[in-house]
Amino acid sequence: MRSPQPHRSGGDIQQHFHSTVSVQKLKRFNSLILVFRFAAFCFSLASAVFMLTNSRGSDSLHWYNFDAFRYVFIANAIVAIYSLFEMAASVWEISRNATLFPEICQVWFDFGHDQVFAYLVMSANTAGTELARTLKDTCTDNKAFCVQSDIAIILGFAGFLFLSISSLFSGFRVVCFIINGSRFHV
């Protein structure tokens with residue numbers, strides 16, 4: 001685990017060797033990120049599935065007839081796919097003690113995508129919430145449709161919560177990389 005970046009003093013590249021305790025801390029930290037990414041995956045996938053299966057009969061309301069509900073489905077599906085990729089990258093990092101991409105690319109990739117997808121799923125669920133509030137008058141006839149839409153939106157907000165926590169951890173890794181030249185503070 002060497003730092004590829006030269007020190008700011010202009011000297012030669014120095015090697016950072018981590019003790020066994022530091023490696024264990026790094027694995028624990030990466031395992032914690034993996035747990036939050038898994039939770040974001042589960043909630044986003046569940047939200048997308050709930051929205052996808054939200055149709056009751058041929059004459060009733062369908063989720064795909066509403067732009068906001070299509071946005072909720074697509075955003076949560078994208079976040080689920082991204083979270084699946086990031087879980088695979090986390091497992092790779094835990095098992096191999098190395099990042100999937102070069103370290104500088106990996107920390108910025110994780111942080112940037114966490115931010116973008118968190119805002120994407122937040123805006124989608126907010127739009128879905130507004131439409132669900134508007135449809136409350138219609139829900140007297142189609143209560144199951146509205147309840148399932150509400151559940152999909154709530155699951156999407158839970159996915160956002162866990163993706164936001166992952167974003168905080170990846171932001172910590174970016175700051176550590178900027179300060180120390182390594183993704184983890186030792």
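Please read these numbers as outputs of a predicted model, since none were measured by experiment.
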State the CZ-CG distance between Phe69 and Leu135, to the nearest 0.5 angstrom. 5.5 Å

Is the His113 ring parallel, tilted or perpendicular to the Phe117 ring (thresholds 30°, 60°)? tilted

Got a sec, which residues hit side-chain hydrogen bond (donor to acceptor under 3.5 Å, both in side chains) with Asp110, two or more places apart in sequence or on another chain? Gln106

How about Tyr64 and Phe73: are their ring centres within less than 6.0 Å of each other? no

Would you please say whether a donor-acceptor pair under 3.5 Å links the side chains of Asn30 and Ser90? no

May I ask you to decide whether Arg173 forms a salt bridge with Glu93, counting only side-chain N to carboxylate O separations under 4.0 Å? yes

Are Leu168 and Leu32 in one and the same hydrophobic cluster, where Ile, Leu, Val, Met, Phe, Trp and Tyr link if side-chain heavy atoms are under 4.5 Å apart? no

Any luck finding a side-chain donor-acceptor pair between Asp114 and Ser170 under 3.5 Å? yes

Are Ile81 and Phe85 packed together at the side-chain level, in the sense that at least one heavy-atom pair is separated by less than 4.5 angstrom? no

Is it true that Arg133 and Asp150 have a side-chain N and a carboxylate O under 4.0 angstrom from each other? no

Do other residues, nucleotides or ligands put more than 12 heavy atoms under 6.0 Å from the CZ atom of Phe38? no

Examine distances only and state if a side-chain atom of Ser167 and a backbone atom of Leu163 form a donor-acceptor pair shorter than 3.5 Å. no

With the 4.5 Å side-chain cut-off for hydrophobic clustering, are Leu131 and Tyr71 part of the same group? yes

hydrophobic_cluster_shared for Ile153 and Leu52, side chain cutoff 4.5 Å: yes

Would you call Leu45 and Asn76 a side-chain contact if the rule is heavy atoms closer than 4.5 Å? no

Report yes if the side chains of Val147 and Lys143 come closer than 4.5 Å at any heavy-atom pair, otherwise no. yes

With rounding to the nearest 0.5 Å, note down the distance linking CZ in Phe50 to CD1 in Ile151. 5.0 Å

Donor-acceptor check, side chain of Ser83 to backbone of Ala40, threshold 3.5 angstrom: yes or no? no

Under a 3.5 Å distance rule, please check whether Ser164 uses its side chain to pair with a backbone N or O of Phe160 as donor and acceptor. yes

Output field: ring centroids Phe41/Tyr82 closer than 6.0 Å: no

Is there a chain of hydrophobic side chains (I, L, V, M, F, W, Y, each step under 4.5 Å between heavy atoms) that links Leu155 to Val49? no

Under 3.5 Å donor-acceptor, Asn54 side chain and Gln148 backbone: no

Can you find a heavy atom in the side chain of Ser123 that is under 4.5 Å from one in the side chain of Tyr119? no

